[in-house]
Protein chains: 2
Amino acid sequence: MSIADQFRVVPNFKLNEADANRKVLGASTGVRADDKQSDKLKTAELAENISKLQDVFAANHAPKLLVILQGMDTAGKDGTVKSVFGQLHPLAARTVAFKAPSVAERDHDFLWRIHKEVPGKGEIVIFNRSHYEDVLISKVHGWIDQAECERRFAQIRDFERMLIETGTIVLKFFLHISKDEQKQRLEERLADQDKHWKFDMQDLAERVHWEAYQQAYENALLATDTPLAPWYVIPADSKTQRNLAIATLVFEKLESLKLKFPPGNLEYGKLVVE
Amino acid sequence: MSIADQFRVVPNFKLNEADANRKVLGASTGVRADDKQSDKLKTAELAENISKLQDVFAANHAPKLLVILQGMDTAGKDGTVKSVFGQLHPLAARTVAFKAPSVAERDHDFLWRIHKEVPGKGEIVIFNRSHYEDVLISKVHGWIDQAECERRFAQIRDFERMLIETGTIVLKFFLHISKDEQKQRLEERLADQDKHWKFDMQDLAERVHWEAYQQAYENALLATDTPLAPWYVIPADSKTQRNLAIATLVFEKLESLKLKFPPGNLEYGKLVVE
């Protein structure tokens with residue numbers, strides 16, 4: 001089974017049956033210290049190769065890549081950006097973190113601020129949170145009802161289909177952690193003063209809604225997984241396994257494009273630079 | 001027959017059967033000088049009333065109004081903006097003219113630059129040209145084939161439906177002039193040095209494709225007229241009749257919302273300003 005198939009959302013997918021601690025096929029267990037080390041080395045190598053493929057990707061100036069990272073607080077979205085995409089050339093790559101919307105953003109449709117940030121030709125853009133928040137936090141807190149949520153699912157499917165039809169590759173990762181793992185990570189943040197900046201009282205308030213979030217995520221994943229805009233549910237209790245899984249999927253997707261540097265001007269080879 | 005029904009695109013609509021010189025129901029003929037004067041007075045009054053309704057519209061801070069103006073060169077898009085929307089308060093109204101796309105715009109999907117400019121709550125935005133150029137000039141010049149054109153029609157329908165579902169009223173006007181009228185207007189621009197700035201050599205080049213444009217417009221109107229995003233084909237050989245028709249339609253739409261100023265805080269009436 002390919003790594004892509006291993007993590008794809010399937011019909012009748014149940015989030016509470018997905019093991020947040022499941023191992024990446026063929027990878028180390030990620031439990032022993034030397035296993036983690038092995039995961040890290042493999043991920044670093046993949047990140048380097050992703051960066052090399054980016055050169056060709058940018059030079060072709062045709063396809064666009066949009067990577068969407070979603071997950072509960074502490075699921076590791078920031079860490080994934082650093083480990084998997086940290087080697088990308090900033091000229092043709094951007095990470096966009098979507099926080100609570102501004103007044104101007106709330107005055108527009110929820111896709112307004114999202115559409116502005118999608119990649120152009122040859123660009124790789126990583127969304128740290130995204131338009132999916134508008135069917136997650138909004139649904140959990142009852143700011144929208146089920147009918148509005150379904151309308152948004154359809155709007156998201158249409159929007160992503162349009163992006164794909166206009167040359168964008170869309171990869172969506174749900175970083176799946178267990179409730180116990182989140183507890184541990186929040187406690188770590190509270191215990192270490194140097195990690196306090198990452199802590200937000202809101203994280204504890206949201207944790208109370210854990211089950212509602214899991215249900216909202218399951219609904220969203222099922223409603224918006226399409227053949228061309230697939231969702232991957234990445235077991236994320238192990239940080240090194242999570243990074244390795246995502247790095248592998250991104251690398252395999254880029255490699256599958258079989259891009260080459262565009263043919264040069266044959267005359268160029270004959271030019272003399274005085 | 002209401003003025004809205006009079007100009008709505010109907011199934012099996014044929015553009016070459018639409019009279020560019022047809023009169024607005026119940027309006028003057030627009031032919032005699034004093035008729036033109038009467039049209040202008042009525043339009044000015046409507047523009048003033050539209051401006052008054054805008055106050056309530058902006059105060060409600062809920063609905064959004066998007067007006068799309070399309071038409072061949074010299075059809076009168078600029079003149080319509082001035083006559084019908086010239087009285088709007090600039091704080092809550094904008095006109096956006098879409099010219100040839102920039103490099104960054106061409107690197108993105110054709111709706112990217114459009115979505116950025118849609119109205120927020122309480123705002124009135126007028127598009128002078130729009131995303132429809134991407135199924136008109138692009139189709140006429142063969143930059144896209146029929147299959148891509150159909151894909152864009154669907155993307156436009158989805159996009160406009162999303163705007164409507166998120167609180168936007170969408171009014172689309174095709175300013176319909178005859179080929180003879182365009183000839184006359186171009187000649188006027190060439191004869192008057194003060195109008196040379198409005199003339200573009202490209203206008204003559206595009207005029208050669210008149211029939212292809214008419215066909216592309218007919219296809220676009222039929223493919224993207226929906227109950228909530230209707231197209232109105234406005235006879236535009238007479239400038240005063242054109243303005244009167246559009247002013248009437250916009251005024252009637254705003255009035256039909258039956259908006260009132262939001263209820264004030266009852267305590268405010270008791271406050272004393274020292």
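Owing to the predicted nature of the structure, the values given are computational and were not obtained by experimental measurement. The chains referred to below are lettered A, B, ... by the order of the sequence lines, with proteins before strands, and numbering in each begins at 1.
Annotation: maximal heavy-atom pairing with chain B below 4.5 Å, among A:Arg151, A:His108, A:His61, occurs at A:His108. Between chain A and the residues B:Arg152, B:Lys121, B:Lys64, the largest count of heavy-atom pairs under 4.5 Å involves B:Lys121.
Heavy atoms of A:Arg106 lying under 4.5 Å from chain B belong exclusively to its backbone. The parts of A:Ala154 that come within reach of chain B are both its backbone and its side chain, each placing non-hydrogen atoms under 4.5 angstrom from that chain. Of the two parts of A:Leu111, the backbone and the side chain both hold a non-hydrogen atom closer than 4.5 Å to a non-hydrogen atom of chain B.
Within the model, atoms CH2 of B:Trp112 and CD of A:Glu117 stand 9.0 Å from one another, a figure rounded to the nearest 0.5 Å. Taken to the nearest 0.5 Å, the CD atom of A:Glu148 stands 8.0 Å off from the CD atom of B:Glu165.
Counting non-hydrogen atoms of other residues, nucleotides and ligands closer than 6.0 Å to CG of B:Asn12 gives a total of 12 or fewer. Counting heavy-atom neighbours within 6.0 Å of B:His141 NE2, excluding the residue itself, gives a total above 12.
Checked options A:Lys116, A:His115, A:Arg113; the residue passing with B:Lys116 is A:Lys116 (criterion: side-chain contact (heavy atoms from CB on, under 4.5 Å)).
Side chains of B:Glu123 and A:Asp107 form no contact here, defined as non-hydrogen atoms less than 4.5 Å apart. Using a 4.5 Å heavy-atom threshold, the side chains of B:Met162 and A:Asp109 count as touching. Considering only heavy atoms from C-beta on, A:Asp158 comes within 4.5 Å of B:Arg161 through its side chain.
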